[in-house]
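One structure below.
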Amino acid sequence: MISILRRKNDTQPTRRLCIQVLRHNPADAASVPHLQAFEIAEAEGMTLFIALNEIRATQDPSLQFDFVCRAGICGSCAMLIDGRPGLACRTLTRDLGTTITLAPLPFFELIGDLSVNTGKWMRGTSERLQTWIHSSAQTDLDALEAPMEPELAEAIYELDRCIECGCCIAGCGTAQMREKFVGAVGLNKIARFRLDPRDDRSNDDFYELIGDDDGVFGCMSLLGCHDVCPKQLPLQTQIAYLRRKMAVIGLA
Ligand code: SF4
Ligand code: F3S
Ligand code: FES
């Protein structure tokens, strides 16, 4: 039962929150996925990350969830918050109801409770898409790098803001159906390296990487990725642009 208390010397009521967590330990054969409810008092400026830490410190030290930066930078605290992918460290409890349901991101390997192995998938996708600068130029460590136009550097930086949180994959219906789909995060990476003048790869080379149904032609424009990306990356625009470019190469 959720009750409303009043803070001392304060007219603001303090809410009591019921946080339901989907718990499961895949390493334990006896573990059965189930929702476990925890009650805590909401504090001023409380984030889900703070709430989960309080639960772990005062009620259940076995609760598993990930965090590193607590500032929306590392991408490790992504989870389903009332069914929607988001970052626990950037979600204020006051923006949610008094009953909050948390579950691990779907699609990724479950480590336990709210902890999933996004890193393994991100690394595999980066290797598959070769997300590094390919340059045939001789490397002279003493040579100054050619300056880049500020507008171009800005455009590359904009796409580099991806924190590999996995929210776009968790929010994409295609990714749930097609195991090898590279998703918005993968397509965003390709868009970033296509833009970079230091990368010698041709459009045909990029077509080899994403010109199929596991790449840009598998995307069904569902736009869940665009809606849930916590960094507000221009995913919709980038995917549409890549699709147009790749379609022209495919027809050539
Ligand atoms: Fe997260 Fe957005 Fe990067 Fe997807 S594109 S991994 S949602 S930051
Ligand atoms: Fe998925 Fe985003 Fe395309 S949600 S289908 S990658 S537009
Ligand atoms: Fe780093 Fe949330 S803890 S993004």
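Just so it is clear, the values below take in all heavy atoms, side chains as well, and ignore hydrogens, waters and symmetry mates. Counting convention: from 1, in listed order, for ligands and their atoms alike.
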- Under 4.5 Å between side-chain heavy atoms, hopping through other hydrophobics if needed: is there a path connecting V228 to F107?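 No; F107 is not reachable from V228 via cluster members.
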
Give the atoms of ligand 3, by number and element, whose distance to some non-hydrogen atom of [X] is under 4.0 Å.
{"X": "G72", "result": "4 (S)"}
{"X": "C89", "result": "2 (Fe), 3 (S), 4 (S)"}
{"X": "C74", "result": "1 (Fe), 3 (S), 4 (S)"}
{"X": "C69", "result": "1 (Fe), 3 (S), 4 (S)"}
{"X": "C77", "result": "2 (Fe), 3 (S), 4 (S)"}
{"X": "F67", "result": "3 (S)"}
{"X": "V68", "result": "3 (S)"}
{"X": "R70", "result": "1 (Fe), 3 (S)"}

- Under 2.8 Å from atom 2 (Fe) of ligand 1 - protein N/O/S, by chain and number: C229 SG

- Message: Within less than 2.8 Å, report the number of protein N/O/S atoms around atom 2 (Fe) of ligand 2.
- Response: 1

- Between CG on residue L22 and CG on residue D113, distance to nearest 0.5 Å: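 The distance works out to 8.0 Å.
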
- Message: Quick check for you: to the nearest 0.5 Å, what is the distance between N53 atom CG and L63 atom CG?
- Response: 9.5 Å

- Message: Check R201 with E208, please: is the shortest side-chain N to carboxylate O separation under 4.0 Å?
- Response: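 No salt bridge links E208 with R201.
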
- Task: Could you tell me whether D212 and K180 make a salt bridge, using a distance below 4.0 angstrom between a side-chain N and a carboxylate O?
- Result: no

- Proximity to ligand 3 by part of D66, non-hydrogen separation under 4.0 Å: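 Neither; no heavy atom under 4.0 Å.
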
- Heavy-atom contacts under 4.0 Å between I73 and ligand 3: side chain, backbone, both, or neither?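 Just the backbone.
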
- Message: For atom 4 (S) of ligand 3, what's the nearest protein heavy-atom neighbour? Residue, atom name and distance, please.
- Response: G75 N, 3.2 Å

